[in-house]
There are 2 protein chains.
Amino acid sequence: MSDESDPIEAGLRTEGVRVTRQRLAILHVLREATDHPRAEDILARAKEQDPSVSQATVYRTLSVLEKAGTVLRNEFDGAGARYELAEGGHHDHLIDLDTGAVIEFHSDKIERLQAEIAAELGYEIEWHRLELYGRKSGRRR
Amino acid sequence: MSDESDPIEAGLRTEGVRVTRQRLAILHVLREATDHPRAEDILARAKEQDPSVSQATVYRTLSVLEKAGTVLRNEFDGAGARYELAEGGHHDHLIDLDTGAVIEFHSDKIERLQAEIAAELGYEIEWHRLELYGRKSGRRR
DNA sequence: AAGGGATCTGAGACTCATTCGCAACTTGAG
DNA sequence: CTCAAGTTGCGAATGAGTCTCAGATCCCTT
Ligand SMILES: [Zn+2]
Ligand SMILES: [Zn+2]
Ligand SMILES: [Zn+2]
Ligand SMILES: [Zn+2]
């Protein structure tokens, strides 16, 4: 049932992480997702594929995948955490306050500036979080 | 009992926000604080001044002060929210992963870059959050 | 292909920060 | 001083996320 040609799956397996039916369903959901879904959404979508998936397993799996570096967990303003696959490299987010849409962006310049600032303070950044909250230009508040 | 010469207090009053004993105690705690305290800490410290302050009031007051622009609410990684007075202008935070210390910094360059990036995407930033998580340079992980 | 021990999983109880509901109490305009 | 509107304390209620544990699965070994 498992597709050995899949790199993520193979990677997990070699890391000693068991690849179960439920985990595959959750991984599948994340692959299809384009919207940084919340655990709740992931559960609903995973159940369509495999009704046996439970809430606890969604949280546990997301946690496992995060530790394995496969998944990224975002905590945008308030509300619960939102997840996405880590493939594709680092990026930051711009959240549309009117629609809730999440737009991804990346700026080497900003990344570099952050490192410089930290260095000036005598620190080395382990990770960071940059979120911009705004609305489309020229839109009444 | 109220000191009319205090700008924050006067400001709240003119905004129609009632200045109560409890609110003064909480404001006082925030003025003395240098550590971005959590609601729990604020409650404990406020009680030293006025034992009648309750948990619900701390949350309600912080919410009122936040809406009034007097207080800033930060949600650093995990755990609960941490507060600070808004006076002193905008700044971002660097959190020491080893000690938990919160260091403030400000970079016009980064602020400008953020606006530029948002503009390129057709957006205007309403607010943003930039948090750097790191450790003192040259420290084994 | 079969065995079996370590890993998972589902269901529901549980945690913990924050919010609510409501009767009693204060504040501050007049 | 008076009183309506705004606040408060208490305890109950939320809600995202975690934990417990018996039973189900995975997958390494023979
Ligand atoms: Zn970044
Ligand atoms: Zn993203
Ligand atoms: Zn900033
Ligand atoms: Zn600060």
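Since the structure is predicted, the reported quantities are computational estimates derived from the model, not experimental observations.
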- Quick one: are A:Y123 and B:I103 in side-chain contact, heavy atoms under 4.5 Å?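 A:Y123 vs B:I103: side chains touch.
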- Message: Tell me every residue that passes ring-ring contact (aromatic ring centres under 6.0 Å, His included) with A:Y59, counting only those two or more places apart in sequence or in another chain.
- Response: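 By the ring-ring contact (aromatic ring centres under 6.0 Å, His included) rule, A:Y59 matches no residue at all.
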- Item | Length of the CG-P vector between A:L12 and D:dC26, whole Å |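 It is 15 Å, rounded to the nearest whole Å.
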- Message: Can you measure A:R13 atom CZ to D:dT25 atom P for me and round it to whole angstrom units?
- Response: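 Value for this atom pair: 17 Å.
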- Task: Apply salt bridge (charged side-chain N to carboxylate O under 4.0 Å, His left out) to the pair B:E9 and B:R13, showing each step before the final yes or no.
- Result: CA-CA 6 Å; B:E9 200 179 318; B:R13 228 182 280 271; 2.6 Å; yes
- Query: Does B:R23 put a side-chain nitrogen or oxygen below 4.0 Å from OP1 or OP2 of D:dT8?
  - Reply: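 So the side chain of B:R23 is within the cut-off, an N or O lying under 4.0 Å from OP1 or OP2 of D:dT8.
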- Query: Does B:T20 place a side-chain N or O at less than 4.0 Å from the phosphate oxygens OP1/OP2 of D:dG6?
  - Reply: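 Negative; the distance criterion is not met.
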- Message: Using heavy-atom distances to pick each residue's nearest nucleotide on DNA chain D, tell me which of B:S54 and A:R18 is more 5'.
- Response: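 Nearer the 5' end of the strand: B:S54.
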- Query: To the nearest 0.5 Å, how far apart are CG in A:D77 and CZ in B:R73?
  - Reply: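 Result: 8.5 Å between the selected atoms.
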- Task: Quick one: which residue pairs count as a ring-ring contact (aromatic ring centres under 6.0 Å, His included) with a foot in residues 82-101 of chain A, not counting sequence neighbours?
- Result: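 Of all non-adjacent pairs touching residues 82-101 of chain A, those that pass ring-ring contact (aromatic ring centres under 6.0 Å, His included) are A:H36-A:H93, A:F76-A:H93, A:H90-A:H106, A:H90-A:H128, A:H91-A:H93.
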- Message: Which heavy atom of B:P37 sits nearest to which heavy atom of B:R45, and what is that distance?
- Response: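 Residues B:P37 and B:R45, closest heavy atoms: CB-NH1, 3.8 Å.
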Pairs under 3.5 Å (N/O, protein and nucleotides 16-21 of chain C):
unit_1: C:dT18; atom_1: OP1; unit_2: B:A81; atom_2: N; d: 3.0
unit_1: C:dT18; atom_1: OP2; unit_2: B:Y59; atom_2: OH; d: 2.5

